[in-house]
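Values in this document were obtained by computation on a predicted structure and should not be read as measured data. As the structure lists them, so they are numbered: ligands from 1, and atoms in each ligand from 1.
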Amino acid sequence: MIRILILGGTGDAAQLAARLATIQGVEAITSLAGRTREPSVPLGDLRVGGFGGVAGLANYLEVIQIDLLIDATHPFASQISWNAVDAATKVGIPHLMLIRPPWQKVSGDRWIEVDSVAAAATALQNQAQRVFLTVGRQELAAFAHLKDIWFLMRTIDPPAADALVPPGMLLCDRGPFTLNNESEILIHHNIDTIVSKNSGGDATYAKIIAARELDVKVVMVNRPAIPPANYVTNIDDALAWVLENG
Ligand code: NAP
C-alpha cells in the first residue's frame with residue numbers, strides 16, 4: 001500500500017484524488033487549509049486545517065506514514081509549497097508539485113502585468129472606474145483605500161463582517177465559469193478593468209477571453225516564485241510519477 005498526501009484546495013487536487021482513488025494499492029489523503037466554509041469534498045480521505053509550519057507537516061508525514069507528498073495547491077499559495085519542500089526533505093520522502101502553466105497573453109489582450117496584489121491596487125489608481133475584482137476574499141483589504149472606484153467583488157464565501165473591503169458589490173460564486181456568464185457580468189456592470197491572479201487552468205479563464213472580446217483591461221498579478229522541486233503540469237504526469245516512485 002502506498003500512502004499519498006495531496007496538499008489540495010484546487011480543482012486539480014480534487015481530480016488527482018479522484019484518479020488515485022481508482023488505483024489499487026494507493027491510499028490518498030487530501031489536505032485542505034480550511035479557508036472555504038463548504039469546500040468541494042474530494043474522493044478519498046480528507047483532513048482539514050494547518051499543520052503548524054514545517055515542523056508540524058514533517059511530524060504529520062512521519063506519524064501518518066506518508067510515502068509520497070504531492071503539492072497540488074494553488075500557484076499563489078506559496079507558503080505551504082515552501083513548507084512542503086522542507087518537510088519532505090526533512091522526512092526523506094519524494095515530493096512533487098502539480099502546478100498548471102500560467103496563462104499567456106495573446107493578441108487582443110490588454111494586460112497590465114504586476115507582481116503583487118498591492119501593485120494591482122496601485123495600477124488601478126486614476127486608470128479604472130468600474131472593476132471586476134477576482135483575487136479572492138483574503139485580498140480585498142488591499143483595495144479598500146480606493147474610494148473613487150466601484151468594485152464588483154467575486155468570492156466563494158463572503159468576507160467577515162468586520163473585514164476591510166472596497167466600495168461596491170459582492171458576488172458570491174464558485175467556478176468553473178462560462179464565457180456567457182463572464183461576458184454578461186462585464187456588460188451588465190459596465191466593467192472597464194478586471195483584476196485577476198494568473199492562476200492558469202480552464203476553470204476561470206473565461207473572464208480573460210471575455211475581456212479580450214469586449215476590449216476590457218486586465219490587471220494580471222504574476223505568480224510568486226515557486227520552490228526548487230520536481231514538478232509536473234498535468235494529472236497524467238502526476239500519476240506517472242506516483243507509479244515510478246511508489
Ligand atoms: P499559504 O499562504 O501558502 O498557506 C498559509 C498556511 O495555510 C500554511 O502555512 C498552512 O498552515 C496552511 N495551508 C495552506 N494550504 C494548506 C493545505 N492544503 N492543507 C493544510 N494547510 C494548508 O496558502 P493560502 O494562499 O492561504 O491558500 C490556502 C489554501 O487555499 C491552499 O490550500 C490553496 O490551494 C487554496 N487556494 C488558494 C488560493 C490563493 O489565491 N492563494 C486560490 C485558490 C485556492 P501551517 O503552516 O499551519 O501548516
Side-chain angles (χ1 to χ4, degrees), residues 4-17 28-42 44-64 66 68-88 90-91 95-100 102-103 114-120 133-143 153-157 159-160 163 172-177 194-205 207 219-227 229 231 235 238:
I4 302 174
L5 179 65
I6 303 170
L7 299 172
T10 59
D12 283 344
Q15 283 178 37
L16 177 62
I29 304 168
T30 298
S31 173
L32 301 178
R35 302 275 193 278
T36 307
R37 278 186 207 160
E38 287 175 20
S40 320
V41 177
D45 292 331
L46 177 68
R47 69 160 299 284
V48 181
F51 296 94
V54 175
L57 177 53
N59 182 55
Y60 179 89
L61 297 174
E62 274 183 335
V63 170
I64 307 294
I66 299 294
L68 303 176
L69 177 59
I70 303 182
D71 174 6
T73 57
H74 191 270
F76 281 76
S78 65
Q79 183 62 58
I80 189 71
S81 294
W82 287 85
N83 289 1
V85 169
D86 289 349
K90 204 168 169 187
V91 175
H95 163 277
L96 181 75
M97 284 185 84
L98 168 57
I99 187 158
R100 356 165 200 170
W103 298 319
V114 295
D115 287 333
S116 67
V117 169
L133 191 53
T134 64
V135 289
R137 177 170 55 100
Q138 317 277 351
E139 317 276 14
L140 297 179
F143 300 87
M153 297 160 262
R154 183 164 67 194
T155 58
I156 295 177
D157 291 322
C172 289
D173 205 355
R174 188 195 297 251
F177 301 106
I194 297 176
V195 182
S196 174
K197 291 176 172 171
N198 194 336
S199 302
D202 296 336
T204 58
Y205 188 61
K207 67 187 171 205
V219 176
M220 185 65 80
V221 184
N222 291 324
R223 295 174 173 195
I226 55 167
Y231 74 91
I235 288 159

*What part of A13 sits under 4.0 Å from ligand 1 if we count only heavy atoms: the side chain, the backbone, both or neither?*
neither

_Suppose I only count heavy atoms of N83 and a 4.0 Å limit; which atoms of ligand 1 are within that range?_
9 (O), 46 (O)

*Given Q138, H74, Q79, which has its nearest heavy atom closest to atom 37 (C) of ligand 1?*
H74

*Please determine if V135 has a nitrogen or oxygen closer than 3.5 Å to a nitrogen or oxygen of ligand 1.*
no

_If you count heavy atoms of other groups shown closer than 6.0 angstrom to OH of Y231, is the number above 12?_
no

*In the protein, which heavy atom is nearest to atom 6 (C) of ligand 1, and how far is it?*
R35 NH2, 3.7 Å

*asked:* To check your reading of the model: name the closest protein heavy atom to atom 19 (N) of ligand 1, its residue, and the distance in Å.
replied: S31 OG, 2.7 Å

*Please state which protein non-hydrogen atom is closest to atom 17 (C) of ligand 1 and give its distance, to 0.1 Å?*
A33 N, 3.5 Å

*Nearest-contact summary for atom 44 (C) of ligand 1 - protein heavy atom, Å*: G9 O, 3.3 Å

*asked:* Tell me whether ligand 1 is touched by S199 - counting only heavy atoms on the residue side and a distance under 4.0 Å.
replied: no

*Check each atom of ligand 1 against the heavy atoms of K197 and keep those under 4.0 Å away; list them by number with element.*
39 (C), 40 (O), 41 (N)

_If the contact criterion is a heavy-atom separation under 4.0 Å, does L32 count as touching ligand 1?_
yes

*Does R47 have a heavy atom less than 4.0 Å from any atom of ligand 1?*
yes

